[in-house]
Amino acid sequence: MGTFGLAASGFTEHALEQAAEDVVRSGYTVLDGGRLRTLLPEDELDTFGQFWNDLPPDEALTDGGAYRYRRYGRLRVTVGEGGPEFEALPHTTFRQDGIPLWRGADRQFAPIEEKALLHPGMLALASFDTALAAAISGRRDWELGIHQIRMVASQDEDGLPTPEGRHRDGHCYIGMHLLRREDCQGGESTIYPEGGEPAKLTLRTPLDSVFVDDKQVTHEVSATRPIRRTGIRDMLLVDLNPVDEAQ
């Protein structure tokens, strides 16, 4: 299926296969940010992270909170022998009818700017997630939902990464990538495999990541709180669905 140049970056095909085996066996895999940072030059990671400084408030929150900022976009990715082919898709609303809190709601998020959606950092992470999904499933054509999210915790208000609580997102796979964590405590992820013991972990350094099979696990993230003044937790979430099953 091709590895999108992962071997040249230091993330070998064998490592990709091991991650795929973890997902098949347990429903998830945890990925070290240091390994994923080899997918792109340091300066590109820095410039990519700057796009999280221009996220508008998440107006779809129903609890009156002011702790979440986000943008949303979509990519079509086709796995080819010479590498991935990308197509930016038109902006649309976002639905999660499988989650009671959001059922029936067409949630409108600000679009991701094209320069961010097609930035080398975005394409490197989208390529990795698609390569992993393809290694697991053998599928070659994918639609990706891309979420830029900033969680802000203040002395007056915690950040709630998952106000819906323990849940499934309603997609085939999800890649969850930390971009920034600053002056922040909490934000512990718990993954609940079917028939297995819960796994608890905290993403701490840039590109620490989790990749899950949404049909095999549920998950949630605890509240974030500031250590001193304002806690920031920036995440890139990538929803992956085969094109003929895309929502």
Side-chain angles (χ1 to χ4, degrees), residues 4 6 9 11 19 28-58 67-77 84 86 88-89 91 94 96 107 109-133 142-152 159-162 169 171-182 184 187 189 191 201-212 214 219-221 224 231-241:
F4 304 99
L6 298 181
S9 74
F11 202 104
Y28 72 96
T29 188
V30 179
L31 300 154
D32 176 71
R35 298 288 300 280
L36 289 187
R37 284 198 296 276
T38 64
L39 298 177
L40 65 164
E42 185 68 29
D43 60 342
E44 288 186 354
L45 177 59
D46 292 340
T47 58
F48 183 47
Q50 295 301 312
F51 289 112
W52 271 254
N53 294 330
D54 187 31
L55 304 184
D58 182 351
Y67 52 82
R68 187 156 70 183
Y69 298 75
R70 71 190 298 168
R71 290 182 182 271
Y72 173 64
R74 297 187 302 147
L75 287 170
R76 169 81 180 265
V77 185
F86 295 94
L89 298 176
H91 189 60
F94 179 68
Q96 284 182 302
R107 297 156 73 193
F109 303 127
I112 296 177
E113 298 176 88
E114 185 169 312
K115 61 184 178 181
L117 192 61
L118 298 177
H119 186 276
M122 182 76 79
L123 299 186
L125 294 172
S127 293
F128 175 82
D129 288 341
T130 307
L132 184 48
W142 297 84
E143 183 174 312
L144 276 53
I146 310 292
H147 306 260
Q148 289 179 275
I149 298 176
R150 168 167 287 183
M151 201 64 50
V152 176
L160 303 179
T162 53
D169 283 303
H171 302 286
C172 189
Y173 304 107
I174 304 111
M176 310 174 192
H177 306 285
L178 178 73
L179 268 292
R180 176 184 175 192
R181 182 184 171 99
E182 182 176 298
C184 187
S189 300
I191 302 170
L201 60 121
T202 301
L203 306 178
R204 296 190 181 278
T205 62
L207 297 192
D208 280 354
S209 302
V210 181
F211 186 96
V212 304
D214 198 47
H219 55 93
E220 61 184 336
V221 183
T224 61
I232 292 175
R233 184 178 185 264
D234 289 349
M235 293 292 298
L236 174 69
L237 305 183
V238 181
D239 306 325
L240 299 101
N241 296 293

For the [atom1] atom of [X] and the [atom2] atom of [Y], what is their distance to the nearest 0.5 Å?
X    : Y    : atom1 : atom2 : answer
I232 : M151 : CD1   : CE    : 12.0 Å
D208 : L179 : CG    : CG    : 11.0 Å
I149 : R71  : CD1   : CZ    : 13.0 Å
E113 : D54  : CD    : CG    : 5.5 Å
L203 : R180 : CG    : CZ    : 16.0 Å
C172 : L240 : SG    : CG    : 8.0 Å

Could you report the tightest heavy-atom contact between [X] and [Y], atom names first, then the distance?
X    : Y    : answer
S127 : F86  : OG-CZ, 3.1 Å
A133 : F211 : N-CZ, 4.1 Å
T29  : A19  : CB-O, 3.8 Å
M122 : L117 : CG-O, 3.3 Å

Could you tell me whether the side chain of [Y] reaches within less than 4.5 Å of the side chain of [X], counting heavy atoms only?
X    : Y    : value
L125 : V238 : no
L236 : D129 : no
S209 : L36  : yes
V77  : P84  : yes
L132 : Y173 : no
H219 : V210 : no

Got a sec, which residues hit ring-ring contact (aromatic ring centres under 6.0 Å, His included) with F51, two or more places apart in sequence or on another chain?
H119
I'd like to check the ring-ring contact (aromatic ring centres under 6.0 Å, His included) partners of Y28; sequence neighbours left out, ordered by chain and number.
none
Could you walk me through whether L118 and L123 pass the side chain to side chain contact (heavy atoms under 4.5 Å, CB included) test, one step at a time?
CA-CA 6 Å; L118 298 177; L123 299 186; 4.2 Å; yes
Under 3.5 Å, is there a donor-acceptor pair between the side chain of [X] and the main chain of [Y]?
X    : Y    : answer
T162 : V221 : yes
D32  : G34  : yes
R37  : P206 : yes

Start with the C-alpha distance between L178 and R233, add both sets of side-chain angles, then the distance that settles side chain to side chain contact (heavy atoms under 4.5 Å, CB included), and finish with yes or no.
CA-CA 8 Å; L178 178 73; R233 184 178 185 264; 4.1 Å; yes
Ring geometry between F109 and Y72 (parallel below 30°, tilted from 30 to 60°, perpendicular above 60°):
perpendicular
Would you please name every residue forming a salt bridge (charged side-chain N to carboxylate O under 4.0 Å, His left out) with D234, sequence neighbours left out?
R150
